[in-house]
There are 2 protein chains.
Amino acid sequence: MASIHDVARLAGVSISTVSYALSGKRSIGESTRIRVNDAVEKLGYRAHAGARMLAGERTHILALAAPLHSGTSEPAHMAFVMSVARAAREHDYDVLLLTQDEGADGLQRVALSRLVDGIIVLDVSDQDERVDLIRSLDVPAIFVGVPRDSAGLVCVDMDFEAAATMSVERLAAVGHRSIALLGQSPALYDRGSGFPRRFRDAFLAAAADRGMAAGFAMADRDPANVRQALDSLLGTDPGVTGLVLHTDEGVQTTALGILRERGVRMPHDLSVLSACSSFSTEHFEPPLDTIPLVPDDSCVPAVALAVQQVGAPIAPRVELIPPRYVGHGSVVPPAA
Amino acid sequence: MASIHDVARLAGVSISTVSYALSGKRSIGESTRIRVNDAVEKLGYRAHAGARMLAGERTHILALAAPLHSGTSEPAHMAFVMSVARAAREHDYDVLLLTQDEGADGLQRVALSRLVDGIIVLDVSDQDERVDLIRSLDVPAIFVGVPRDSAGLVCVDMDFEAAATMSVERLAAVGHRSIALLGQSPALYDRGSGFPRRFRDAFLAAAADRGMAAGFAMADRDPANVRQALDSLLGTDPGVTGLVLHTDEGVQTTALGILRERGVRMPHDLSVLSACSSFSTEHFEPPLDTIPLVPDDSCVPAVALAVQQVGAPIAPRVELIPPRYVGHGSVVPPAA
DNA sequence: CGGATCTGTCGAAACGCTTCGATTGATTGC
DNA sequence: GCAATCAATCGAAGCGTTTCGACAGATCCG
């Protein structure tokens, strides 16, 4: 395969000239640049990645620590992974995918071997073993999500508290006084994932602030459990007129199906709101108002920060993406 | 960060001795090996990935070409991606994730820059632009899936034809004479994804062979379309007693929900079989018999072949994974 | 008991790039 | 009109490995 020497020879210049012509780090004569580019084209030249890493002190690779825990919704996870990969390419970065099988060791491995310039950490839990490791590793790292102790870290995340508050506000605004939250899989809360807890706590707090009655139940994808959760939410307090779904797509579909089966008319009998969903709620029956969780919203800035941090250290921060509301008519004033 | 020089100094040997002690490519005195290992431990040494690539002609990275087309089910896709990543780690390989945004150019880029030793290609379509590129690139590559023209390629895939035949056989065996197939999203067939077509064709052929009546309809995840597909399948031919679902989890859930809504008792009125599903069908209502599509079944061999091919070229082949049947009681003889 | 063989180790040459400092003309400023 | 500046280019020194060939000393065998 063609090396920089071949390009230099064909263009009739030295290899350093080729390097500068391609990197643009020094000024180069117009005709020279053209000859170099022609030679590159003709030979199908691509700089050897290893050589570039060795000499350039930059790998142009980001590690993506994307464990897939049980309880995490695959489509959402996939969407975040793809979003990071796309965003990275925009910065001329590739993404090395790290699963959780090695635990935090994988991170250590790629950082210590200088395989990657930085790390994007997904699916952050409250007590995340990766936090301390990364603190000690001194590698540019961005957390998509916020661990309990975020001191010294750079984090980007949807503002789940604001989203929860917003969902309560919306229901309150049209007159609901008794509302309920169908939350994520219990496995997620158990694992200490931060966002379900933050959402739930903010939801209950916002409801309490407004003197509203508020219920909470969790459900994994098993329809029996969804049924049971809905029972506990709607059964015990027959006055519930507003339901917020903070779960994955499958559970939301199942829940809506169960409610329809039971003859609950939505939104007439029950206003429903899908919160922090990274999927479209338009094709639901009925289409649901939503506070969308758009992967790009957090992943694009996360990657940008990572790339920036590769160049020069940046100050620790927690960047929260404000929620926004998309109406589809599923939240209306309660009947009577 | 510690380099091999530091290790050599601390262990009191030359760098080549360190290299050989760590690689095991030449015999090393016992005491030397111990001192080297101690030094490595103490310094937290890890070979510089770039230097290793440059000198060693091996990157220990596989590219994973995992486009995410519309119509492809994210959970299934995710499962394959994760399976490849895990399998790769078993061979001491990392995985570089390539999305489809660059088209085939990304493959070319990483291959030409010798960033990766080989490529795993997912989500293969009949006329896949990546096929010709890879033929010309002369890079170890394994296709998970089979393109129309597989000459010269190494492919691994579930045997979808056998799976389709098996599902027909099972229904025939208990006495069904009129069956139907609910297929994937039309987008998938349009895109020329091989497996939905192969499954459908084999399904219809197997039914014809046995003199059975067989219907076919497609549906994406929109419940309205699922409803319509079921109408066309079950409505026009009221004698259908066996239904095969070859779709993603969401559609299967939706379909079962619709059938229940309509008062169809399963399996009494309708035997249902979930084919080539990469998710659990046990928690469905009712739990479905399935011919599971296990990502590891194809990804583990695919990675093994890729790694093998990095060492020495291997003969082109198409390796088809035989299907197996897992019963949950959803297929029974037709009523009356 | 002297050449052949083996074991354990070392030095040095790649590997292909980036980047620093030097060099050569041409241009500028005063 | 001469020093200072600038644009364009080159040579060479790394970057941190792997690996080849060499070599010293121990072991073997006839």
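- Following rounding to the nearest Å, B:Glu57 (CD) and C:dA13 (C1') show an atom-to-atom distance of 14 Å.
- Taking 4.0 Å as the cut-off between side-chain N and carboxylate O, B:Asp123 and B:Arg191 count as a salt-bridged pair.
- We find that A:Asp132 and A:Arg135 are joined by a salt bridge, their nearest charged nitrogen and carboxylate oxygen being less than 4.0 Å apart.
- Each of B:Ala51 and B:Ile28 lies near DNA chain C, and the nucleotide nearest B:Ile28 is the one positioned closer to the 5' end.
- Distances shown here put a side-chain N or O of B:Ser27 below 4.0 Å from the OP1 or OP2 atom of C:dG8.
- Counting distance only, with no hydrogens placed and no angle test, the side-chain atoms of B:Arg26 and the base atoms of C:dT7 include no donor-acceptor pair under 3.5 Å.
- For B:Arg33 and C:dT9, the CZ to C1' distance is 13 Å, given to the nearest whole Å.
- Considering only side-chain N and O atoms, A:Thr17 lies nowhere under 4.0 angstrom from the phosphate OP1 or OP2 of D:dT9.
- Side-chain N/O atoms of A:Lys25 include one lying less than 4.0 angstrom from OP1 or OP2 on C:dT19.
- Counting atom types as modelled, A:Tyr20 pairs no side-chain N or O with a base atom of D:dC10 as donor and acceptor under 3.5 Å.
- Taking atom CZ of residue B:Arg52 and atom C1' of nucleotide D:dG16, one finds them 11 Å apart after rounding to whole Å.
- The side chain of A:Leu54 lies closest to D:dC15 when the candidates are D:dC15, D:dT17, C:dC17.
- Salt bridge status for B:Arg9 with B:Asp6: present, with a side-chain N to carboxylate O gap under 4.0 Å.
- Considering only side-chain N and O atoms, B:Ser16 lies nowhere under 4.0 angstrom from the phosphate OP1 or OP2 of C:dC10.
- When the P atom of D:dG14 is taken as reference, atom NE2 of B:His48 falls 17 Å away, rounded to whole Å.
- What separates CG of B:Leu22 from C1' of C:dT9 is a distance of 15 Å, to the nearest Å.
- Set against D:dC10, C:dC10, D:dT17, the side chain of B:Ala47 has D:dT17 as its closest nucleotide.
- Rounded to an integer number of Å, the gap from CD1 of A:Ile4 to C1' of C:dT19 is 11 Å.
- Counting non-hydrogen atoms under 4.0 angstrom, B:Thr32 reaches the backbone sugars and phosphates but no base.
- Using a 4.5 Å heavy-atom cutoff, the side chains of A:Val318 and A:Asp157 are not in contact.
- In summary, the side chains of B:Thr59 and B:Asp117 do present a donor paired with an acceptor at a separation below 3.5 Å, with no hydrogens or angles considered.
- Distance, A:Asp6 CG to C:dG16 P: 9 Å, rounded to whole Å.
- Within 4.0 Å of A:Ser19, counting heavy atoms only, lies at least one base atom of the nucleic acid.
- Residue B:Ile15 contributes atom CD1, which lies 12 Å from atom P of C:dA13 at whole-angstrom precision.
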